[in-house]
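Excluded from the calculations below are hydrogen atoms, water molecules and symmetry mates; all remaining heavy atoms, backbone and side chain alike, are included. Atoms within a ligand are numbered from 1 in the order they appear, just like the ligands themselves.
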Amino acid sequence: MPKTAARSGENGAGEAETVRYLNPNVLNLGVSATLKINELSNELVRQGRTVYKFGLGQSPFPVPEAVVRALRLYAPQKDYLPVNGLPALREAVASFHSRKDLVDISPAHVIVGPGSKELLFLLQLVFNGDVIIPGPGWVSYRPQASILGKRIKVLHTRFEEKWMITPGLLEKAAGEDTGPKLLILNYPGNPDGVSYQRSQLKELVEVARRHNIFILSDEIYGQLHHKGKHISIARDYPEGTIISSGLSKWCGAGGWRLGTFSFPPDLKWLMDAMSVVASETYTSVSAPIQYAAVQAFSADAELENYLWHARRILSLLGNQITDMLLGAGVKLHKPEGAFYLFLDFTELADKLAGRKITTPEELCSRLLDETGVALLPGSVFNRPPGDMTARLAYVDFDGARALAASVNTPLHEPLPDDFISHYCRKVIKGTEKMVEWLR
Ligand code: PMP
Ligand code: GLU
């Protein structure tokens with residue numbers, strides 16, 4: 001048997017041999033870009049470099065204290081839990097969606113998984129149809145679909161339309177063929193930080209309903225809408241929407257690995273098929289994490305307060321660096337949620353070409369080498385090759401310190417002028433470095 005994996009084959013012959021033993025769907029894939037840039041950034045830091053870690057999109061804020069307390073309390077829980085999740089958690093998730101999103105979800109229609117990423121993979125695995133994804137859109141949508149050998153349609157959205165999927169684009173993707181289709185919608189958006197208005201969602205629903213398109217609505221950043229005004233598309237398309245949520249973003253617990261999907265009754269058969277695969281693969285999510293998550297999904301004044309402070313800080317910081325980058329000639333939209341900006345360098349293309357930078361990969365690699373700023377190129381977010389775009393995750397600051405300081409200023413009052421430069425210094429410094437480099 002060959003001893004090396006295809007990608008690490010040391011010579012052509014070894015590689016050719018191992019390639020025969022690998023599923024062709026994974027042959028040309030590498031480790032996910034977000035995780036790779038994080039490891040590279042950490043390695044550079046170990047070597048003594050200063051790195052502005054704007055690559056991985058990880059919440060800067062700590063897990064709320066009450067949720068950490070719950071995890072401590074439930075650490076002794078050691079039994080395997082039901083495949084679909086702890087009943088109390090499924091109830092808490094269902095009432096979370098009725099409270100926050102005003103949609104009626106039955107606890108029996110909630111599935112808990114080890115991250116919404118894994119649930120998304122299972123959904124695509126059990127769904128027999130095409131997958132429609134946005135471009136720009138989150139890094140893992142396309143590789144997951146490719147691993148599963150799905151037919152993928154990328155909706156190429158435009159800067160001028162705030163990177164949003166328009167009814168026209170969706171209509172075109174639906175086309176003439178009447179086969180089953182799954183649209184992955186995500187807002188507040190990764191990588192663009194923008195969100196949809198209800199009227200825009202209604203227009204998409206009209207097309208989806210007419211073409212019988214199911215929607216996986218990735219609302220993992222819903223609670224990080226900067227104004228607390230997230231609206232789930234499930235309100236207007238209850239029968240066709242699966243809502244994705246989890247602890248990773250609004251609860252700061254990416255590493256805890258817990259995600260949830262909530263189904264309408266009409267799509268319960270999809271959930272049942274996912275449970276079968278879950279039962280034969282990961283069994284169930286870690287018991288203590290599920291017990292602690294009940295606390296996170298429950299109505300709780302402390303958690304609401306945490307969210308309002310997190311939103312206020314993210315909004316102020318996101319807007320401040322947006323203004324700095326606009327001043328440097330980068331095209332971008334004001335952030336509305338989450339912690340990402342999607343930078344369009346088109347207007348600086350000639351200047352960059354003069355420095356022999358003609359692709360977003362070269363842009364990101366030169367920027368990292370010459371300034372220490374780590375971004376991810378637009379290509380990993382489904383932008384066409386050569387499209388001069390990149391994602392900036394404005395998360396490189398101590399969220400615990402920033403939160404502790406924010407609570408000293410009542411929410412109805414503005415934060416002090418120097419708040420951001422003081423508590424989010426590294427994000428400002430990294431942005432200044434970029435602006436200087438672009439000059
Ligand atoms: N969707 C989007 C848009 C994301 O940014 C992420 C990144 N965490 C995920 C899904 C997956 O999240 P998790 O698996 O941590 O729930
Ligand atoms: N969602 C994060 C990001 O876009 C990364 C986490 C992951 O890929 O699992 O950077």
Under 4.0 Å, heavy atoms only, figure out whether ligand 2 is touched by the backbone of Val139, its side chain, both or neither.
-> neither

Report yes if the side chains of Ile243 and Ile233 come closer than 4.5 Å at any heavy-atom pair, otherwise no.
-> no

Aromatic rings Phe159 and His333: how do their planes relate, parallel, tilted or perpendicular, breaks at 30° and 60°?
-> parallel

Pairwise distance CZ(Phe261) to CG(Leu120) - rounded to 0.5 angstrom | 5.0 Å

Rounded to the nearest 0.5 Å, how far does CG of Leu392 lie from CE of Met434?
-> 6.0 Å

Does Lys249 come within less than 4.0 angstrom of ligand 2, counting non-hydrogen atoms of the residue?
-> yes

Any Leu56 heavy atom less than 4.0 Å to ligand 2 = yes

Backbone or side chain, does any N or O of Lys249 fall under 3.5 Å from an N or O of ligand 1?
-> yes

Among all protein heavy atoms, pick out the one at the shortest distance from atom 9 (C) of ligand 1; state its residue, atom name and that distance to 0.1 Å.
-> Trp138 CH2, 3.4 Å

Taking only heavy atoms of Arg391, which atoms of ligand 2 are found under 4.0 Å from at least one of them?
-> 3 (C), 4 (O), 10 (O)

At a non-hydrogen distance cut-off of under 4.0 Å, which region of Tyr187 contacts ligand 1 (side chain, backbone, both, or neither)?
-> neither

Applying a 4.0 Å heavy-atom criterion (strictly less than), which segment of Ser116 is in contact with ligand 1: side chain, backbone, both, or neither?
-> both

Should you measure from each heavy atom of Ser248, which atoms of ligand 1 turn up under 4.0 Å away?
-> 13 (P), 15 (O), 16 (O)

A student comparing Asp218, Leu56, Leu120 should find that the heavy atom closest to atom 10 (C) of ligand 1 comes from Asp218

Compute the ring centroids of Phe297 and Trp250, then answer whether they are less than 6.0 Å apart.
-> yes

So is there a nitrogen or oxygen of Lys117 less than 3.5 Å from a nitrogen or oxygen in ligand 2?
-> yes

